[in-house]
Amino acid sequence: MSVPERAPPRLRFAPSPTGFFHVGGARTALYNWAVARRLGGTFVLRIEDTDEARNRPEWTEGIIESLAWIGISADDPTFEGPYFQSSYAADHVEAAARLYQSGAAYYCDLTPDEVQARAKAGGKPGYDGFSRDRGLEPAPGRVLRFRVPDGATVVSDLVRGEVEFDNEHIEDFVLLRGNGTPMFLLANVVDDAAMAITHVVRAEEHLPNTPKQQMLWQALGREPPTWAHVPVLVNEQRKKLSKRRDKVALEQYRAEGYLADAMVNYLMTLGWAPAGETEIVPWSRIEAEFRLEDVNHAPAFFDLKKLAAFNGEYIRMLPLDEFIARCDEWLPPDWDRAVFARMAEHVQTRVVTMADVAPMVDFLFLPDPEIDEGSWNKTMASEFSAPLLRDVVEAFDSTAFVAAELKTTLEVIAERHEQKLGKAQAPVRVAVTGRTVGPPLFESLEVMGRDETLRRLRATLERLERHE
RNA sequence: GCCCCCAUCGUCUAGUGGCCUAGGACACCACCCUUUCAAGGUGGCGGCACGGGUUCGAAUCCCGUUGGGGGUGCCA
């Protein structure tokens, strides 16, 4: 038995070189990466650079960094690049010349305004093929247009099946501008051909351009690549995620304390689902199971709430010591790490993002708790608060300062004031932490220590008495 | 306008003609647990856009309607 010969796939990813990396782009990159890894191929990053991008190397660095964050490692031989479109500029012009010589393209001297005027007069949108048979020679100001053949172009797409386009609706599009520079479409195809790209996986917004690119491949005498147009990501209004309206920058999610693993896992469930009972699966399984053929056809809503749920779950999956280690960069440098470590297990089950960590335990490190007025008013208004606090101060002065003892002590006091423990702990909590909600109280007190606890309780009593 | 794509709970999905009185996840609600808040556990609410076919049988195939999205540059 012989294994069928098959060239290893080369997939390319061509993000627009703006200064940030989009979650939609991240998902497409992940799709590419998963396929390249599973099939033992290569994933090529090619930046479609513009003049502006060429002057901003940090944009490319940002893309590389973002890809690294979501696990697409530049160290891995599967990953190649970045390459730049401009490095193939000579090839673009050469290919255009070949197309002209073979008759697959022709020159046209109409200005955009003239093209539009003719379209309006003819009642048909787009360029009408005016210069097709005029035999114009190349000259400054003249554009090179592709001669779209009659018939139909069938795009064979891994996620959508066969999509047929009637060539009658495709105008003779521009290959070279009047100044001789190549258009994106041409450059793109020439680059892909030169780099021996076998799979083009991109967002579905590119589907209408695909027949044009496919015809170019064929006119250049090359076998077109395998296409895969994946659905776009949309906002709550079902519109494509946009930089202006929506929070789309990958960097922003990192800055807000989302874990890369959670982000990757969530992104992959948009348009696809791993087999089995749960959507929370490690990348190793995604890589092994992901198929472009299984990707959904409909746009998917990027749901922040579900991302948050995934993130919380990923945080809770972390072994405690790793959670502590990961918290380090989220804590102010002057906070005592040993103190935090004692509280970490209580923090871990309560945070949604890493950015929630510090605010949850800040009262332990601040010279004084930041009193939330709403919490104060609600809690201290109770008749029993002041007298109970007085009892607590007295009792805490002598009880062993460990959580279990503190709890027992407060239980006794609560009973004396005819309150349930849930009610009785509230004024203590507000006095010491400044809020009605937070990590478990007695554990917090134990970590805080007797002196500081008593100081805060007394300060609270003073404030209460002043107001009476 | 023209071209293309799409359509399962509010959301993300499973489902590829009988295993579907449609399964899971997020969200929401209730209860349990409980020192607040979480976490965890249990349960609940909730969907095949509509109309025609095809078939013994349709969420699944075909046609149409409606609704959504994308594309229509000498932008990328």
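Every chain is numbered from 1 and lettered A, B, ... according to where its sequence line falls, protein lines coming before strand lines.
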Students often get this wrong, so: under 4.0 angstrom with heavy atoms, is [X] touching a base, only sugar-phosphate, or nothing?
X	result
A:Leu267	nothing
A:Glu443	base
A:Ala426	nothing
A:Arg316	sugar-phosphate
A:Gly141	base
A:Pro439	base
A:Asn179	nothing

Protein-nucleotides 10-12 of chain B N/O pairs under 3.5 Å:
unit_1	atom_1	unit_2	atom_2	d
B:C12	OP1	A:Arg238	NH2	2.2
B:C12	OP1	A:Phe301	N	3.0
B:C12	O2'	A:Thr269	O	2.6
B:C12	O2	A:Lys306	NZ	3.1

In whole Å, measure the gap between the [atom1] atoms of [N] and [M] for me.
N	M	atom1	answer
B:G69	B:C63	P	24 Å
B:G43	B:U8	P	28 Å
B:U21	B:A58	P	12 Å
B:G10	B:C45	C1'	12 Å
B:A14	B:A59	C1'	12 Å
B:C50	B:G44	P	25 Å
B:G18	B:U72	P	41 Å
B:U11	B:C48	P	12 Å

Which of the following nucleotides, [options], is nearest to the side chain of [X]?
X	options	value
A:Lys305	B:C5, B:A27, B:C75	B:A27
A:Pro208	B:G73, B:C37, B:G71	B:G71
A:Phe442	B:C74, B:U35, B:C3	B:U35
A:Leu207	B:C74, B:C5, B:U36	B:C5
A:His297	B:G73, B:C6, B:C26	B:C6
A:Lys239	B:G70, B:C2, B:U13	B:G70
A:Leu441	B:U13, B:U35, B:C6	B:U35
A:Val143	B:G70, B:C74, B:A76	B:C74
A:Ala298	B:C3, B:A7, B:U72	B:A7

| query | Is a side-chain donor-acceptor pair under 3.5 Å present for A:Thr181 with A:Arg177? | reply | yes
| query | Are a donor atom and an acceptor atom from the side chains of A:His229 and A:Arg202 found within less than 3.5 Å of each other? | reply |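 Yes.
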| Does any non-hydrogen side-chain atom of A:Met183 lie less than 4.5 Å from one of A:Leu175? | no
| query | Roughly how many Å is it from CH2 in A:Trp59 to C1' in B:A76, rounded to a whole number? | reply |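 Rounding to the nearest Å, CH2 of A:Trp59 and C1' of B:A76 are 12 Å apart.
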| message | Using whole Å, what does the distance between atom P of nucleotide B:G73 and atom CG of A:Asp113 come to? | response |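 Atom-to-atom, A:Asp113 to B:G73, this comes out as 14 Å.
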Just to confirm, is there a sub-4.0 Å distance from OP1 or OP2 of [N] to any side-chain nitrogen or oxygen of [X]?
X	N	result
A:Lys240	B:G71	yes
A:Asn167	B:C3	no
A:Arg177	B:A76	yes

| query | Under the 3.5 Å rule, do the base of B:C37 and the side chain of A:Arg350 count as making a donor-acceptor pair? | reply |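 For A:Arg350, whose side chain was compared with the base of B:C37, there is a donor-acceptor pair (under 3.5 Å).
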| So which pairs with a foot in residues 149-168 of chain A pass ring pair (Phe, Tyr, Trp, His ring centres under 6.0 Å), sequence neighbours left out? |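 The answer is none; no pair qualifies.
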| request: Give the C-alpha distance, both sets of side-chain angles, the deciding distance and a yes or no for side chain to side chain contact (heavy atoms under 4.5 Å, CB included) between A:Tyr253 and A:Leu307. | output: CA-CA 10 Å; A:Tyr253 289 94; A:Leu307 203 217; 3.8 Å; yes
| task | For B:G51, give its Watson-Crick or G-U wobble partner with both distances under 3.5 Å, or none. | result |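 Pairing partner: B:C63.
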| request: State whether the side chain of A:Glu114 and the backbone N or O of A:Thr111 hold a donor-acceptor pair below 3.5 Å, judged by distance alone. | output: yes
| message | Between the side chains of A:Asp191 and A:Arg46, is the shortest nitrogen-to-carboxylate-oxygen separation below 4.0 Å, so that they form an ion pair? | response |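 Salt bridge present between A:Arg46 and A:Asp191.
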| For atom CD of A:Glu415, is the number of surrounding heavy atoms from other residues, nucleotides or ligands below 6.0 Å larger than 12? | no
| So with a 6.0 Å cut-off around CD of A:Gln218, is the heavy-atom count from everything else above 12? |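 For A:Gln218, atom CD is crowded (more than 12 foreign heavy atoms under 6.0 Å).
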| task | Kindly say whether the aromatic ring centers of A:Tyr314 and A:Tyr258 come within a distance under 6.0 Å. | result | no
